[in-house]
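Throughout, residue positions are numbered sequentially from 1 according to the sequence presented. Whatever order the structure lists them in is the order used to number ligands and atoms, beginning at 1. FYI, side chains are in, hydrogens and waters are out, and symmetry mates aren't considered; it's all heavy atoms of this structure.
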Amino acid sequence: MSRAIGVDIGGSGIKAAIVDVEKGDFDGERVKIATPRPATPEAVVATTREAIAGFPADLPVGIGFPAAVLDGTVMTAAHVDPAWIGFAGTPAFAHAFERECTMLNDADAAGLAEMRFGSGEGEQGVVVMLTLGTGIGSALFINGELVPNTEFGHIEIRGQDAESRAAASRRKADDLSWTEWAALLDEAIHRLDLLLWPELVILGGGVSRKAEKFVPLLTARPRIVPARLLNRAGIVGAACRAREVL
Ligand code: BGC
């Protein structure tokens, strides 16, 4: 069995598990610790170290992070402390963990897992995965190959970021009905369609568990399917990346 540790750093929680990268599933329990506030680099590195402390020391670590990540350096900070911008994350995590690690965008990690083990399995052409949570993350695939660090959650719709209109958090914050929220999401997917003309759109994030409440209400042209790995995708994809590159 080939294993690696996957970590998913989010606005509210830092989640980690050992992953069987051949099966695309957890090998044991998931650990979850609240994201420290403020979520400065030092605090997040220390909390993540705590989250993985009980896992075997010889496994490489893949970290999904909610920002564009270029060569291990965090480039943006939509939902994390601005101190992350320009922070060399990979060496800081590797130093703290005393193990090899790699970092990638959280939605890219989730997309990799869905393409390999979930709703995107075997899909060719242009596929977009959107993760619907606090923000909207995106992952773009062309014939199964990831184009990293797309930030489609930030396309502008009616003068606002797509994610501030249509993220899953918006439904809760504004107490929207499923129909009201689906209309906002639908508009974002219509817009994305005009820019990319994808074959398939995969909708992930915790809300994909309730897909029957909103996917049938979407009218956008591409095939739209819910993610299959639900919120396991980010951890599984990050671990797969670690196994591949480390
Ligand atoms: C960030 C993305 C991230 C997404 C989901 C967005 O605000 O800009 O990098 O993937 O949130 O966490």
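- Partners of Phe93 according to the ring pair (Phe, Tyr, Trp, His ring centres under 6.0 Å) rule, which considers only residues two or more places apart in sequence or in another chain, are Phe97.
- Atom CG of Asp174 has more than 12 heavy atoms from other residues, nucleotides or ligands within 6.0 Å.
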Put together the list of close N/O pairs, under 3.5 Å, between ligand 1 and the protein, could you?
{"unit_1": "ligand 1", "atom_1": "7 (O)", "unit_2": "His79", "atom_2": "NE2", "d": "3.3"}
{"unit_1": "ligand 1", "atom_1": "7 (O)", "unit_2": "His154", "atom_2": "NE2", "d": "3.3"}
{"unit_1": "ligand 1", "atom_1": "7 (O)", "unit_2": "Glu163", "atom_2": "OE1", "d": "2.8"}
{"unit_1": "ligand 1", "atom_1": "7 (O)", "unit_2": "Glu163", "atom_2": "OE2", "d": "3.1"}
{"unit_1": "ligand 1", "atom_1": "8 (O)", "unit_2": "Glu151", "atom_2": "OE1", "d": "2.6"}
{"unit_1": "ligand 1", "atom_1": "8 (O)", "unit_2": "His154", "atom_2": "NE2", "d": "2.7"}
{"unit_1": "ligand 1", "atom_1": "9 (O)", "unit_2": "Ala67", "atom_2": "N", "d": "3.3"}
{"unit_1": "ligand 1", "atom_1": "9 (O)", "unit_2": "Asn105", "atom_2": "ND2", "d": "3.0"}
{"unit_1": "ligand 1", "atom_1": "9 (O)", "unit_2": "Glu151", "atom_2": "OE1", "d": "3.3"}
{"unit_1": "ligand 1", "atom_1": "9 (O)", "unit_2": "Glu151", "atom_2": "OE2", "d": "2.7"}
{"unit_1": "ligand 1", "atom_1": "10 (O)", "unit_2": "Asn105", "atom_2": "ND2", "d": "3.1"}
{"unit_1": "ligand 1", "atom_1": "10 (O)", "unit_2": "Asp106", "atom_2": "OD1", "d": "2.5"}
{"unit_1": "ligand 1", "atom_1": "12 (O)", "unit_2": "Asp106", "atom_2": "OD2", "d": "2.6"}

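- Annotation: ring pair (Phe, Tyr, Trp, His ring centres under 6.0 Å) contacts involving residues 36-70, sequence neighbours excluded, comprise Phe65-Trp84.
- The side chain to side chain contact (heavy atoms under 4.5 Å, CB included) test applied to Pro216 returns no partner, not counting sequence neighbours.
- The environment of Arg221 atom CZ is dense: over 12 non-hydrogen atoms of other residues, nucleotides or ligands sit within 6.0 angstrom.
- Geometric assessment of Arg171 against the ring of Trp178 yields a positive cation-pi assignment under the 6.0 Å and 45° thresholds.
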